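Whatever order the structure lists them in is the order used to number ligands and atoms, beginning at 1. From a predicted model like this one, the values you see are computed outputs, not experimental measurements. All heavy atoms count here, side chains included; hydrogens, waters and symmetry mates do not.
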Amino acid sequence: MSLAVSHPIISPSILAADFTNLGAEVRAVETADWIHVDVMDGHFVPNLSFGADITAAVNRITDQHLDVHLMIENPEKWVDNYVAAGADCVIFHVEATDDPVGLARHLRAKGVWSGFSLRPGTPIEPYLPHVAEFDLVLVMSVEPGFGGQKFMPEMLEKVRLLRAEIDSKNLSTLIEIDGGISASTIGAAAEAGCDAFVAGSAIFGQSDRAAAVAQLRESAAKQI
Ligand code: DX5
Ligand code: ZN
């Protein structure tokens with residue numbers, strides 16, 4: 001697990017990569033900080049992506065921190081498969097479990113980071129008292145399920161509330177944002193207090209992936 005944290009953290013989502021060339025795609029973004037792995041089960045979200053075998057394959061070809069976003073039902077049943085596949089951080093949705101804190105403790109006991117995410121319609125307030133149990137909070141700035149959607153700026157209010165909570169208690173929990181992040185939206189997310197930024201189409205939709213990563217990093221850094 002990579003524990004050294006630089007800012008801003010750029011986490012390319014391989015959901016937008018060319019799946020016929022996944023190894024080369026992962027290597028093309030090695031100038032980024034993490035690799036974001038979007039797992040969709042066709043139930044929690046109306047789309048299917050890939051699972052633990054692809055996660056393990058990605059882990060075999062890179063030393064990057066694997067940021068695994070589980071958009072699945074019954075995460076309790078599946079998280080161990082993702083730990084075994086090499087996830088460094090396992091992020092599950094609070095809407096999919098009755099016991100987010102129990103699941104976070106389970107993950108930390110396995111030696112990986114724990115993260116929770118929430119759909120745009122789910123308020124952050126009930127979860128603020130539990131943030132210390134998590135290494136990361138992933139704020140969705142689109143409805144989960146698909147890449148290439150429009151950024152929802154009103155989600156930055158959740159980021160501000162989280163930032164205030166984390167700073168007031170001096171916690172090390174990271175705030176990550178996911179959905180519609182581009183060179184034109186990343187600055188506002190950085191200003192609101194995000195540490196880490198997922199980007200799919202803004203990176204893999206450009207012919208020069210490394211230049212896209214550099215541009216995002218520069219646009220975020222201006223605001224920090
Ligand atoms: C959406 C996924 C995102 C998605 C982001 O459900 O969680 O990680 O890949 O894609 P862009 O950056 O294209 O909005
Ligand atoms: Zn994601």
>> Using a 4.0 Å cut-off to any heavy atom of Met40, which atoms of ligand 1 qualify?
In response: 6 (O)
> In terms of side-chain geometry, is the basic nitrogen of Asp99 or Arg105 positioned less than 4.0 Å from the acidic oxygen of its partner?
Replying inline: no
> Does Gly148 have a non-hydrogen atom less than 4.0 Å from ligand 1?
Replying inline: yes
> What atoms of ligand 1 come closer than 4.0 angstrom to any heavy atom of Asp178?
Replying inline: 2 (C), 3 (C), 4 (C), 5 (C), 7 (O), 8 (O)
> For ligand 1, which atoms, with element, lie under 4.0 Å from some heavy atom of Val198?
Replying inline: 8 (O)
>> Are His36 and Ile14 packed together at the side-chain level, in the sense that at least one heavy-atom pair is separated by less than 4.5 angstrom?
In response: no
>> So, of the N/O/S atoms that Asp178 has, which is the nearest one to the Zn ion (ligand 2)?
In response: OD2
> How far is atom 14 (O) of ligand 1 from its nearest protein heavy atom, and which residue and atom is that?
Replying inline: Gly180 N, 2.8 Å
> Near Phe146, which atoms of ligand 1 are under 4.0 Å from a heavy atom of that residue?
Replying inline: 1 (C), 6 (O)
>> Could you go through Glu76 and Thr97, starting from their C-alpha distance and side-chain angles, then the distance that decides it, and tell me whether this counts as side chain to side chain donor-acceptor pair (under 3.5 Å)?
In response: CA-CA 8 Å; Glu76 297 84 358; Thr97 178; 2.3 Å; yes
> Atom CD1 of Ile177 and atom CE of Met155: how far apart are they, to the nearest 0.5 Å?
Replying inline: 9.0 Å
>> Using a 4.0 Å cut-off to any heavy atom of Leu15, which atoms of ligand 1 qualify?
In response: 9 (O)
>> Students often mix this up, so state it plainly: with edges at 30° and 60°, are the rings of Phe50 and Phe19 parallel, tilted or perpendicular?
In response: perpendicular
> Roughly how far, to the nearest 0.5 Å, is CG of Leu171 from CG of Asp135?
Replying inline: 11.0 Å
>> Checking Met40 against Phe146 for the side chain to side chain contact (heavy atoms under 4.5 Å, CB included) test, could you report, in this order, the C-alpha distance in whole Å, the side-chain angles of both residues, the deciding distance, and whether it holds?
In response: CA-CA 9 Å; Met40 303 179 183; Phe146 299 91; over 6 Å; no
> For the Zn ion (ligand 2), which N, O or S atom of Asp38 is at the shortest distance?
Replying inline: OD1
>> Within the 4.0 Å heavy-atom shell around His69, which atoms of ligand 1 are there?
In response: 7 (O)
> When you check the gap from the basic side-chain N to the acidic O, do Arg160 and Glu157 get nearer than 4.0 Å?
Replying inline: yes
> So is Glu143 polar-close to ligand 1, meaning N/O to N/O under 3.5 Å?
Replying inline: no
> On the ring face of Phe44, is Arg119 found with NZ or CZ under 6.0 Å from the centre and within 45° of the axis?
Replying inline: yes
>> Using a 4.0 Å cut-off to any heavy atom of Gly147, which atoms of ligand 1 qualify?
In response: 10 (O), 13 (O)
>> Return the closest protein heavy atom for atom 13 (O) of ligand 1 as residue, atom name and distance.
In response: Ser201 OG, 2.6 Å
> Can you list the atoms of ligand 1 that are under 4.0 Å from a heavy atom of Met140?
Replying inline: 7 (O)
> Taking it one step at a time, do Phe116 and Phe92 satisfy ring pair (Phe, Tyr, Trp, His ring centres under 6.0 Å)?
Replying inline: CA-CA 5 Å; Phe116 76 85; Phe92 55 86; 7.5 Å; no
>> Met140 and side chain to side chain contact (heavy atoms under 4.5 Å, CB included): which single residue from Thr122, Leu118, Asp178 fits?
In response: Asp178
> To which of Ser13, Ala199, Gly200 does the heavy atom nearest atom 9 (O) of ligand 1 belong?
Replying inline: Ser13
> In the protein, which heavy atom is nearest to atom 6 (O) of ligand 1, and how far is it?
Replying inline: Gly145 N, 2.7 Å
> Taking just the N, O or S atoms of His69, which one is nearest to the Zn ion (ligand 2)?
Replying inline: ND1
